Amino acid sequence: MSEQSITPRSVDYSRWYLDVIREAELADYGPVRGTMVIRPYGYAIWENIQRSLDQRFKQTGHVNAYFPLFIPYSFLQKEKEHIEGFSPELALVTIGGGKELEEPLVVRPTSETIINYMFAQWIKSYRDLPLLINQWANVVRWELRTRPFLRTLEFLWQEGHTAHATYEEAEEEALRMIGVYRDFAENEGAVPVIVGRKSRLETFAGALHTYTMEAMMGDKRALQAGTSHHLGQNFAKAFEIRYLDENNELQYVWQTSWGLSTRFIGAIIMVHGDDKGLRLPPRLAPIQAVIVPIWRKEDDKGVVLEAVEQVRCLLADAGIRVEADLREQRTPGWKFNFWEMKGVPVRVEIGPRDVESGTVVLARRDLPGKEGKVTGVPVEQAVARIRQLLDEIQASLLEQARAFRDANIHDVSSYEELREVIATGGWARGWWAGSDEDELRVKEETGATIRCFPLDQPEGPGTCLMTGQKAERIAIFAKAY
RNA sequence: CGGGGCGUAGCGCAGUCCGGUUAGCGCGCGUCGUUCGGGACGACGAGGUCGGAGGUUCAAAUCCUCUCGCCCCGACCA
């Protein structure tokens, strides 16, 4: 541990984050300010995220489609709050084929408008409902301050768009999908989240209300890791999405939209990473086990490599994502550090001693040094032991993150207490009945915002920490990314 | 857009105040050899419009003017 290519988290968390992204080869900067290249290793994580989510979407009855990148500017203007919310961050195309366009085109910041324009043509009858569509796409938002994965001019995401016959059905859908996100975040990403409802100020532009899942990063700041909106009939009215119900009467549809982006990769980095680099949850890790061969004499090389290949095949056949690091220019020690940087959950070491005894050495990424190392594992047991290890690591990462988060959420009953908690970097939880102005004041004075009103609420009512009035629900305040 | 800082090899920097041979260091990169159970070592080597333009000067990485870009802090945000 001599080379210090990663800034320790305690020294500069933000530098650490950028160092990890560079050293683990997740992403690189693009030539245009605020853009990034997702490198193969980072993209492989995204592909696993896609696979996990897509499967869940299909299971809940959604189908994939693709809508155009360009949207007529006038579409955005059809929904008043929507355009007000997005207009500062729109990228506009005004010239096409060398000619000034009659109407500027918006590079989609989100696809509500164009999708609903199409929905209006597809939906005629209650028999067409519910319409449950998802698309995997890139979107563009001209942000002022950018950070890889967390906020870039262009990012990848999925956006679900649905239309329903009733308020209740749309509400159920919005809740179902935030539930799907939670299931994904906790069970695949090992990222514990608090699911709740956004305050009026933080609600998506054009929605009735917004559900969110909030995760605590390693520096205790909050990250909105996925959102689900009940759009009500706002877009239906703007785009005339109507259907004939059973009584032959025209009705506007009720809608939802929900999205999760490459930002989630940022969450994985910041929730699990340590001073040695990434720690990837096994279910999303591009490489779940890496084999490092070790030999001293040329004589050993042949038998070691043979054993490595044998074990590699065993693991691969068992469906474990495995890679053998056969580079001869690197020492085993160097490789250990390299793959720890990359966050690979399990390392398999095979040297002459192991070959002789028909065993392997297993090391787990979530436990440092010798503590996480088991020697003398018989080759025949390798698959079973590694499977078990992967499960343990998956569970352990979630548990560690949950313990850290819970230790840093503090109940507060006064504004003074809230300020103290926020000043130390934690999350503050307390009864809230304040106004928009009160909320803005908190933001201005402490830097914290209401992350959400958790769906899980204690017995009420309580007393508002700000106004002293009777409050029906608790809110969580935190500084956020 | 306001405040602060920085542009010299792929990366990190020194040199700039006080102009002067061939612009240097560490890491990385290439070749060869010895190494290899927690970031090995040696030898040789490749790599530079000193962010850009203009000016001052016998002479500019260094001084002057303009310009471009990046980073950090604030106002907006998945």
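The basis for the numbers below is simple: all heavy atoms, side chains too, and nothing from hydrogens, waters or symmetry mates. As the structure is a computational prediction, the values presented were derived from the model and not from experiment. Below, chain A is the first sequence line, B the second, and so on; all start at residue 1.
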Is a side-chain donor-acceptor pair under 3.5 Å present for [Y] with [X]?
X: A:E172; Y: A:H230; answer: no
X: A:Q135; Y: A:S111; answer: yes
X: A:H161; Y: A:S257; answer: no
X: A:T110; Y: A:R108; answer: no
X: A:D366; Y: A:S396; answer: yes

[atom1] atom, [N] versus [M]: distance in rounded Å?
N: B:C66; M: B:A75; atom1: P; result: 31 Å
N: B:A61; M: B:A53; atom1: P; result: 13 Å
N: B:C70; M: B:C63; atom1: C1'; result: 25 Å
N: B:U21; M: B:A60; atom1: C1'; result: 15 Å
N: B:G51; M: B:A46; atom1: P; result: 24 Å
N: B:A14; M: B:G30; atom1: C1'; result: 26 Å
N: B:G33; M: B:C11; atom1: C1'; result: 28 Å
N: B:G2; M: B:G55; atom1: C1'; result: 31 Å

Side chain of [X] (C-beta onward), nearest among [options]:
X: A:N337; options: B:G39, B:A78, B:G37; answer: B:G39
X: A:D354; options: B:G39, B:A78, B:G37; answer: B:G37
X: A:R347; options: B:A78, B:C76, B:G38; answer: B:G38
X: A:E143; options: B:C76, B:C29, B:G38; answer: B:C76
X: A:S261; options: B:C29, B:A78, B:G39; answer: B:A78
X: A:R330; options: B:G37, B:A78, B:G28; answer: B:G28

Worksheet entry | A:F338 ring over B:G39 six-membered base ring, under 5.5 Å and 30° |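 No; by the centre-distance and plane-angle rule, A:F338 does not count as stacking on B:G39.
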Go ahead and name the base partner of [N]; Watson-Crick or wobble counts if both distances stay under 3.5 Å, otherwise write none.
N: B:G33; result: B:C41
N: B:C18; result: none
N: B:A23; result: none
N: B:C6; result: B:G69
N: B:A75; result: none
N: B:A46; result: none
N: B:G54; result: B:C64

Report which part of the nucleic acid [X] touches: base, sugar-phosphate, or nothing (heavy-atom distance under 4.0 Å, all strands).
X: A:G259; answer: nothing
X: A:R22; answer: nothing
X: A:L150; answer: base
X: A:K373; answer: base
X: A:Q224; answer: sugar-phosphate
X: A:P352; answer: base

cation_pi([X], [Y]) dist<6.0 Å, angle<=45:
X: A:R56; Y: A:F184; answer: no
X: A:K198; Y: A:Y211; answer: no
X: A:R9; Y: A:Y17; answer: no

Worksheet item: Does A:T227 place a side-chain N or O at less than 4.0 Å from the phosphate oxygens OP1/OP2 of B:A78?
Response: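 No, A:T227 has no side-chain N/O under 4.0 Å of OP1/OP2 on B:A78.
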Output the rounded distance in Å from [atom1] ([X]) to [atom2] ([N]).
X: A:Q329; N: B:G33; atom1: CD; atom2: C1'; value: 15 Å
X: A:M36; N: B:A78; atom1: CE; atom2: C1'; value: 12 Å
X: A:I21; N: B:C71; atom1: CD1; atom2: P; value: 13 Å
X: A:L223; N: B:A78; atom1: CG; atom2: P; value: 10 Å
X: A:N138; N: B:A78; atom1: CG; atom2: P; value: 18 Å
X: A:E89; N: B:C76; atom1: CD; atom2: P; value: 12 Å

Item to complete: Take A:E439 and A:R200 through the test salt bridge (Lys or Arg N to Asp or Glu O under 4.0 Å) and record every step on the way to the result.
Response: CA-CA 10 Å; A:E439 190 179 334; A:R200 225 177 55 82; over 6 Å; no
Worksheet item: Want to settle it: does A:E444 or A:I350 sit nearer the 5' end of RNA chain B, counting the closest nucleotide to each?
Response: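 The residue mapped nearer the 5' terminus is A:I350.
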Practice prompt. Would you mind telling me which residue lines up with the more 5' stretch of RNA chain B, A:V361 or A:G226, judged by nearest nucleotide?
Written response: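 Per heavy-atom nearest nucleotide, the more 5' residue is A:V361.
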Worksheet item: In residues 282-309 of chain A, which ones come under 4.0 Å of RNA chain B, going by heavy atoms?
Response: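 Correct list: A:I294, A:W295, A:R296.
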Item to complete: Look at the side chain of A:K370 against the base of B:G38 and say whether a donor-acceptor pair falls under 3.5 Å; ignore hydrogens and angles.
Response: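 For A:K370, whose side chain was compared with the base of B:G38, there is no donor-acceptor pair (under 3.5 Å).
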Worksheet item: Under 3.5 Å, is there an N or O donor on one side and an acceptor on the other linking the side chain of A:E340 and the base of B:G38?
Response: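 Under the 3.5 Å cut-off, the side chain and the base do form a donor-acceptor pair.
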Which protein N or O atoms sit under 3.5 Å from an N or O of nucleotides 72-74 of chain B?
| from | atom 1 | to | atom 2 | distance (Å) |
| --- | --- | --- | --- | --- |
| B:C73 | OP2 | A:R145 | NH2 | 2.2 |

Practice prompt. Using the test side chain to side chain donor-acceptor pair (under 3.5 Å), find all partners of A:Y481 that sit at least two apart in sequence or belong to another chain.
Written response: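 Only A:D219 meet the side chain to side chain donor-acceptor pair (under 3.5 Å) criterion with A:Y481.
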Fill in: Charged N-O contact under 4.0 Å between A:R365 and A:E340
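Not counted as a salt bridge, because no side-chain N and carboxylate O are separated by less than 4.0 Å.
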Item to complete: With side-chain hydrogen bond (donor to acceptor under 3.5 Å, both in side chains) as the test, would you mind laying out the steps for A:H62 and A:Q158 before giving the verdict?
Response: CA-CA 12 Å; A:H62 303 83; A:Q158 59 65 219; over 6 Å; no
Discussion item. Between A:D325 and A:W339, does the side-chain hydrogen bond (donor to acceptor under 3.5 Å, both in side chains) criterion hold? Intermediate values first, please.
Written reply: CA-CA 9 Å; A:D325 187 349; A:W339 292 108; 2.8 Å; yes
